[in-house]
Amino acid sequence: MFALSDCNNFYCSCERIFQPSLNGKPVIVLSNNDGCAIARSEEAKALGIAMGAPAFMIRDIIEKNNVQVFSSNYVLYGDISRRVTEVYRKYAKEIEVYSIDESFLYLFDYPGMNYDSYATEIRNTVKQWIGMPVCIGVASSKTLAKAANKYAKKMTGSKGVFVIDSEEKRKSVLEFLKVGDVWGIGSRYAKWLIGHNITDAWQLSRSNEEWIRQKMGVVGVRLVKELNGISCIDLEEVAPTKKVICTSRSFGTLITQKQELAEAISTFATRCGEKLRKEKICTSAITVFIYSNVFRVKDTQYHGSVTIPFNRPTNYTGDLISYALKGLNAIYKPGINYHKAGIMCLDMVPENAIQETFFAETQRDSDKGRKVTQVLDQINVLMGSDKVRFAAAGYSKQWRLKNEKLSPCYTTNISQIPVVHL
DNA sequence: TCTGGGGTCCTAGGACCC
DNA sequence: TCTGGGGTCCTAGGACCC
């Protein structure tokens with residue numbers, strides 16, 4: 001049996017662990033730049049704050065109801081996520097970390113196993129050890145486990161656990177689940193299915209396979225089989241190496257000057273380098289892009305992007321910055337209010353399987369680069385991000401993210417932990 | 001005034017190989 | 001009247017996930 005364990009309102013719950021007085025109160029967490037509400041406590045949802053609602057459009061609701069607002073703190077959430085995952089490992093043969101707040105568990109099975117009490121124990125342990133509330137769905141396929149999880153969240157009150165271990169239970173879960181809420185059915189397919197009078201997951205599970213194949217391909221066929229309890233999607237215990245790595249940001253303020261863009265681009269190249277080295281891969285080409293703000297309809301709109309192939313794959317920050325700045329040169333247009341930029345790394349190869357070029361000196365250069373970044377990474381892990389960096393990344397950072405409501409990194413930065421007077 | 005940031009998979013069609 | 005059989009690679013577009 002598969003279990004899907006999902007943290008409740010994860011980012012909000014992370015903030016509440018360290019401020020328990022916020023329990024029972026409306027809490028929201030905003031996206032980067034304090035733009036949109038991307039996590040809402042139950043109380044905030046009840047006030048009508050929608051997922052993705054722009055902060056400036058819900059200001060009234062926030063002020064009237066004293067909603068507690070946080071900027072997103074991914075360092076904190078990432079660390080809490082890691083701790084929750086550690087608890088799961090005690091309870092499962094294999095686990096797949098599916099996202100920052102969700103994991104699939106392939107459960108142990110004993111003769112006479114009681115999945116309901118087992119899942120309840122996992123839930124209680126995560127709550128007691130980490131302080132994180134989770135809900136758990138258990139079933140014979142991943143798609144059904146996702147469905148059971150949604151049912152557990154809405155229909156079981158404070159129990160928070162549901163096991164599909166009979167046809168009656170499968171039917172009641174699928175009848176409860178709207179077709180658009182099925183894992184793998186997005187807005188486009190939902191619209192089409194509803195147009196053909198398939199409105200819930202039960203009806204979808206009973207639909208004709210060939211008809212589904214024509215419109216939705218093999219993905220759709222797999223999905224229907226999964227709803228019928230036939231497992232077609234395996235657990236992915238080890239995450240496959242990434243095919244694309246992207247670092248992009250909107251700016252806290254609009255940028256027009258090339259020099260400022262260059263600093264931002266260099267900073268993104270630095271982040272990409274860190275990500276590549278962590279995955280032990282190199283990239284053979286990058287795409288650099290700079291965008292104006294589509295919401296400012298009176299501004300001249302511009303989407304510039306260019307892809308630059310390399311002679312030799314690299315994950316050395318110095319290389320990435322110099323290629324990225326060449327890219328910027330090619331696409332920069334003056335007189336535009338730039339709002340967002342980014343770098344995408346493509347065509348990955350493993351770090352230890354690089355095809356060398358014909359010219360031997362690049363080998364020597366790359367050894368030097370590798371040693372430099374090793375030291376750089378070590379210092380920055382120990383002393384804090386960006387303590388030592390390339391000058392191209394600049395110092396002013398006018399464009400940096402707006403995050404006015406940032407909480408401390410309670411679990412990863414000792415010096416930020418506030419003193420509590422009892 | 002103010003609107004996020006990452007990813008993946010599948011398919012069809014064109015171009016090419018022997 | 002009749003025109004083989006078996007492949008790969010690449011790209012763009014469309015769908016999806018958190």
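Protein chains get the first letters and strands the later ones, always in sequence-line order, with residue 1 at the start of each. None of these values were measured; they are calculated from a predicted model.
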Quiz item: When the nearest nucleotide of DNA chain B is assigned to A:Pro54 and to A:Arg249 on a heavy-atom basis, which residue is associated with the more 5' position?
Solution: A:Pro54
Practice problem: Using side chain to side chain donor-acceptor pair (under 3.5 Å) as the criterion, list what pairs up with A:Glu94, not counting sequence neighbours. | Solution: none
Practice problem: Quick one: label A:Ile100 by what it contacts on the DNA or RNA (base, sugar-phosphate, nothing), any heavy atom closer than 4.0 Å. | Solution: nothing
Exercise. Pick base, sugar-phosphate or nothing for A:Val182, based on heavy-atom distances below 4.0 Å to the nucleic acid.
Key: sugar-phosphate
Exercise. Give, ordered by number, those residues of residues 216-226 of chain A having at least one heavy-atom distance below 4.0 Å to an atom of DNA chain B; if nothing qualifies, reply none.
Key: A:Val218, A:Val219, A:Arg222
Self-check item: Test item: side-chain donor near acceptor, A:Ser41 and A:Glu43, under 3.5 Å
Solution: yes
Exercise. Quick one: label A:Leu30 by what it contacts on the DNA or RNA (base, sugar-phosphate, nothing), any heavy atom closer than 4.0 Å.
Key: nothing
Quiz item: Could A:Arg213 and A:Glu209 be called an ion pair, given the rule that one side-chain N must be under 4.0 Å from one carboxylate O?
Solution: yes
Quiz prompt | Salt-bridge present (A:Asp6, A:Lys153; N to O < 4.0 Å) | solution = yes
Quiz item: Is a salt bridge present between A:Lys93 and A:Asp109, judged by a nitrogen-to-oxygen distance below 4.0 Å?
Solution: yes
Quiz item: Salt bridge between A:Lys146 and A:Glu102, side-chain N to carboxylate O under 4.0 Å?
Solution: yes
Practice problem: Please figure out whether A:Lys242 or A:Asn33 has its closest DNA chain B nucleotide nearer the 5' end. | Solution: A:Asn33
Practice problem: Take A:Lys405 and A:Asp34 through the test salt bridge (charged side-chain N to carboxylate O under 4.0 Å, His left out) and record every step on the way to the result. | Solution: CA-CA 8 Å; A:Lys405 316 270 188 183; A:Asp34 295 345; over 6 Å; no
Quiz item: Touch check for A:Asp34, heavy atoms < 4.0 angstrom, all strands: base, sugar-phosphate only, or nothing?
Solution: nothing
Quiz prompt | Flag for A:Thr411-A:Asp79: side-chain donor and acceptor within less than 3.5 Å | solution = yes
Quiz item: Reading DNA chain C 5' to 3', which nucleotide is the first, and which the last, to come under 4.0 Å of any heavy atom in chain A?
Solution: C:dA15 to C:dC18
Quiz item: Is the shortest distance from a Lys or Arg side-chain nitrogen in A:Glu86 or A:Arg82 to a carboxylate oxygen in the other one below 4.0 Å?
Solution: no
Practice problem: State, yes or no, whether a side-chain contact exists between A:Val134 and A:Lys127 at a heavy-atom distance under 4.5 Å. | Solution: no
Practice problem: Just call it for A:Thr247: base, sugar-phosphate, or nothing, with non-hydrogen atoms closer than 4.0 Å on any strand. | Solution: sugar-phosphate
Quiz prompt | Main-chain N/O of A:Asn337 paired to A:Thr256 side chain as donor or acceptor, under 3.5 Å | solution = no
Quiz item: Side chains of A:Ser266 and A:Ile321: does their closest heavy-atom pair fall under 4.5 Å?
Solution: yes
Practice problem: With heavy atoms under 4.0 Å as the rule, sort A:Lys402 into base, sugar-phosphate or nothing. | Solution: nothing
Quiz prompt | DNA chain C base-pair string [pairs: Watson-Crick or G-U under 3.5 Å; |: paired with another strand] | solution = ....||||||||||||||
Quiz prompt | Euclidean distance for C1', C:dC17 against B:dG4 (whole angstrom) | solution = 15 Å
Quiz item: Where along residues 293-305 of chain A does a heavy atom fall under 4.0 Å from DNA chain B?
Solution: A:Asn293, A:Phe295, A:Arg296
Self-check item: Sidechain N-carboxylate O distance under 4.0 Å for A:Asp386, A:Arg271
Solution: yes
Self-check item: A:Arg389 and A:Leu376, any side-chain heavy atoms less than 4.5 Å apart
Solution: no
Quiz item: Between A:Asn73 (side chain) and A:Leu76 (backbone), is there a donor-acceptor pair under 3.5 Å?
Solution: yes
Quiz item: So among A:Trp183, A:Phe104, A:Tyr106, which one has a ring pair (Phe, Tyr, Trp, His ring centres under 6.0 Å) with A:Phe2?
Solution: A:Tyr106
Quiz prompt | Those residues of residues 263-290 of chain A lying under 4.0 Å from DNA chain B by at least one heavy atom | solution = A:Lys275
